[in-house]
Amino acid sequence: MTLLEVLRRATGYLETHGSSSPRLDAEMLLASALGLRRLELYLQFERELTDAELAPYRDLTARRGRGEPVAYLTGHREFMALDFLVTPEVLVPQPDTEVLVQRAVEWGRVRGGALRFADVGTGSGAIAVSVAHYLPEVTVDATDISPAALGVARSNASRLGVAERVTFMEGDLAAPLVGPYDAVLANLPYLDPGAQLQSEVLAQPAIALFGGVQLVNRLLAATPGLLAPGGIALLEIDPAIVDELVVEGFAGWKLHRDLGGHQRVLEAWI
C-alpha cells in the first residue's frame, strides 16, 4: 500500500475507536514510526511502504485505538512551540495550559528583571521550562511529589537549554519552597475522583489527575506567604470548582478563559 492508503485506513480505524482527531493521530503515529517529520508525509503520499515499515505502525495504531495517548506512543508533545519529552509517568501537556504560561510570560515581561518563579506540581516541566525559555532572566523552582516525573522534567530542562535556571525539588505541593517569589504557578491534579473521563485521560497517572478543589485550596492558602509584594499566583483549575475556591489573603483575583471559552486559569495578586 502507498503511504496515503495506509493513512486513510488508519484514520478510518481510529475514527471508529474513539479518537477525536483520527487523521491527525494517524499522521503523527506514522511520522513517528517512519522517523519523519509530519509535514514530510505530504511529500511522500505515493511511497509504497514495506511490511517492515508497517509492522510498528500497526502496533502504534492498535494501541491508540485502545486509548493510549499519542504523546505516550511517540514520546513527544509540542507545548508553547517547544518539543517536550513525555512518558506515562507524567501528565500530557495540554493546549489550555498554554493560557497560563502565556499570561505568566506576559506578566514577567512587563515586570522585568531577574524574577523568581515557582511551579508547583511540575510534572513534565512544561510550565517551568516554557517560562524559563521565554523569560531568559527568570529562575524557577519547580516541585513535584513524583521522583519519576522530576526525572522527565529534568530531561526537558536540559534538552531545552534552561537547566541552569530551573531547580527541581521533590515534595508535597509548596512544602519545599522558600520565598519570596514573584510568581507562583501551578497546574495541579484538580479533577474530582468521581469524574467521568475518556480512556485517553484515564491512561494518564492518577496522581497527576485527581485531587479536587481541596488540593487547589491547600495551595491557595499557602501561596500568599510565598509571594513578594506585587507578586501573582496563576493556577489552572476545573471550571466546575470555581464556586468552591477559597481565595483569601490576596488583594484581588480574576479568571482567564481557555481556548474553548471555559474559566480555566485563576490569577490572584498580592
Side-chain angles (χ1 to χ4, degrees), residues 91 94 96-113 115-123 125-128 130-131 135 138-146 149 167-195 206-270:
L91 195 73
Q94 296 298 313
D96 285 337
T97 305
E98 293 188 1
V99 175
L100 185 156
V101 176
Q102 288 165 356
R103 175 57 187 145
V105 171
E106 176 188 44
W107 183 88
R109 286 174 175 166
V110 172
R111 182 84 169 206
L115 304 175
R116 291 187 75 210
F117 280 33
D119 174 27
V120 180
T122 195
I127 292 175
S130 296
V131 166
L135 294 172
V138 162
T139 58
V140 185
D141 289 343
T143 73
D144 204 286
I145 200 169
S146 165
T167 301
F168 295 100
M169 308 172 178
E170 183 180 344
D172 181 47
L173 292 180
L177 300 176
V178 179
Y181 292 98
D182 297 287
V184 173
L185 319 175
N187 177 18
L188 297 180
Y190 52 68
L191 295 177
D192 186 277
I207 194 173
L209 293 172
F210 302 112
V213 69
Q214 295 84 0
L215 198 65
V216 177
N217 282 336
R218 277 181 57 203
L219 180 58
L220 280 172
T223 299
L226 291 171
L227 287 172
I232 67 166
L234 290 166
L235 278 65
E236 182 171 334
I237 60 168
D238 181 350
I241 68 173
V242 169
D243 293 338
E244 301 176 68
L245 296 173
V246 181
V247 191
E248 298 177 347
F250 294 91
W253 61 279
K254 63 182 178 181
L255 294 165
H256 297 278
R257 295 186 181 273
D258 63 20
L259 303 175
H262 305 105
Q263 295 175 323
R264 183 66 64 184
V265 176
L266 169 70
E267 176 177 342
W269 55 91
I270 296 295

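Given the structure is predicted, the values throughout are model-derived calculations rather than measurements.
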Inset, instruction - Considering non-hydrogen atoms only, spot the tightest contact between Val120 and Val184 and give its length. - result: CG2-CG1, 4.2 Å
Legend entry - 4.5 Å side-chain heavy-atom contact, His262 and Arg257: no
Inset, instruction - Starting at CG of Leu188, measure out to CG of Asp238 and round the result to the nearest 0.5 Å. - result: 12.5 Å
Inset, instruction - Given side-chain contact (heavy atoms from CB on, under 4.5 Å), test Ile127 with Asn187 step by step and report yes or no. - result: CA-CA 8 Å; Ile127 292 175; Asn187 177 18; 3.9 Å; yes
Legend entry - Separation of His256 NE2 from Gln263 CD (nearest 0.5 Å): 11.5 Å
Inset, instruction - Hey, could you give me the CD1/CG distance between Ile207 and Leu91, rounded to the nearest 0.5 Å? - result: 11.5 Å
Legend entry - Nearest-0.5 Å distance that lies between atom CG in Leu266 and atom CG in Leu235: 6.0 Å
Inset, instruction - State, with a plain yes or no, whether a side-chain heavy atom of Leu135 is found less than 4.5 Å away from one of Leu115. - result: no
Legend entry - side chain to side chain donor-acceptor pair (under 3.5 Å) involving Asp141 - partner list, sequence neighbours excluded: Arg116, Tyr181
Inset, instruction - With sequence neighbours left out, write down each residue that passes salt bridge (Lys or Arg N to Asp or Glu O under 4.0 Å) with Arg111, or none if nothing qualifies. - result: Asp182
Legend entry - Donor-acceptor contact below 3.5 Å, side chain Arg264 vs main chain Ile237: yes
Inset, instruction - Identify the heavy atoms of Ala186 and Asp119 that sit nearest to each other, and give their distance. - result: CA-OD1, 4.2 Å
Legend entry - Trace of the side-chain contact (heavy atoms from CB on, under 4.5 Å) decision for Val247 with Leu220: CA-CA 6 Å; Val247 191; Leu220 280 172; 4.2 Å; yes
Legend entry - Which atom of Phe117 lies closest to which atom of Val131, heavy atoms considered: CD2-CG1, 3.5 Å
Inset, instruction - Of all the heavy-atom pairs spanning Gly230 and Trp107, show the shortest one and how long it is. - result: O-CZ2, 3.5 Å
Inset, instruction - Indicate the atoms forming the closest heavy-atom contact of Thr223 with Ala233, along with that distance. - result: CG2-CB, 3.8 Å
Inset, instruction - Output the distance between atom CD (Glu236) and atom OH (Tyr190), rounded to the nearest 0.5 Å. - result: 4.0 Å
Inset, instruction - Could you tell me whether the side chain of Ile241 reaches within less than 4.5 Å of the side chain of Val216, counting heavy atoms only? - result: yes
Inset, instruction - Supply the atom-to-atom distance Thr143 OG1 to Met169 CE, rounded to the nearest 0.5 angstrom. - result: 8.5 Å
Legend entry - Pair listing, salt bridge (charged side-chain N to carboxylate O under 4.0 Å, His left out) test, anchored in residues 212-228, at least two apart: Asp172-Arg218
Legend entry - Flag side-chain contact, heavy atom, 4.5 Å: Asp144 against Phe168: no
Legend entry - Asn217 side-chain N/O to Leu245 backbone N/O, donor-acceptor pair under 3.5 Å: no
Inset, instruction - State, with a plain yes or no, whether a side-chain heavy atom of Leu226 is found less than 4.5 Å away from one of Pro180. - result: no
Legend entry - Closest heavy-atom pair and its distance - Leu234, Leu100: O-CD1, 3.6 Å
Inset, instruction - Measure the shortest side-chain to side-chain distance between Val138 and Val140 over non-hydrogen atoms and say whether it is less than 4.5 angstrom. - result: yes
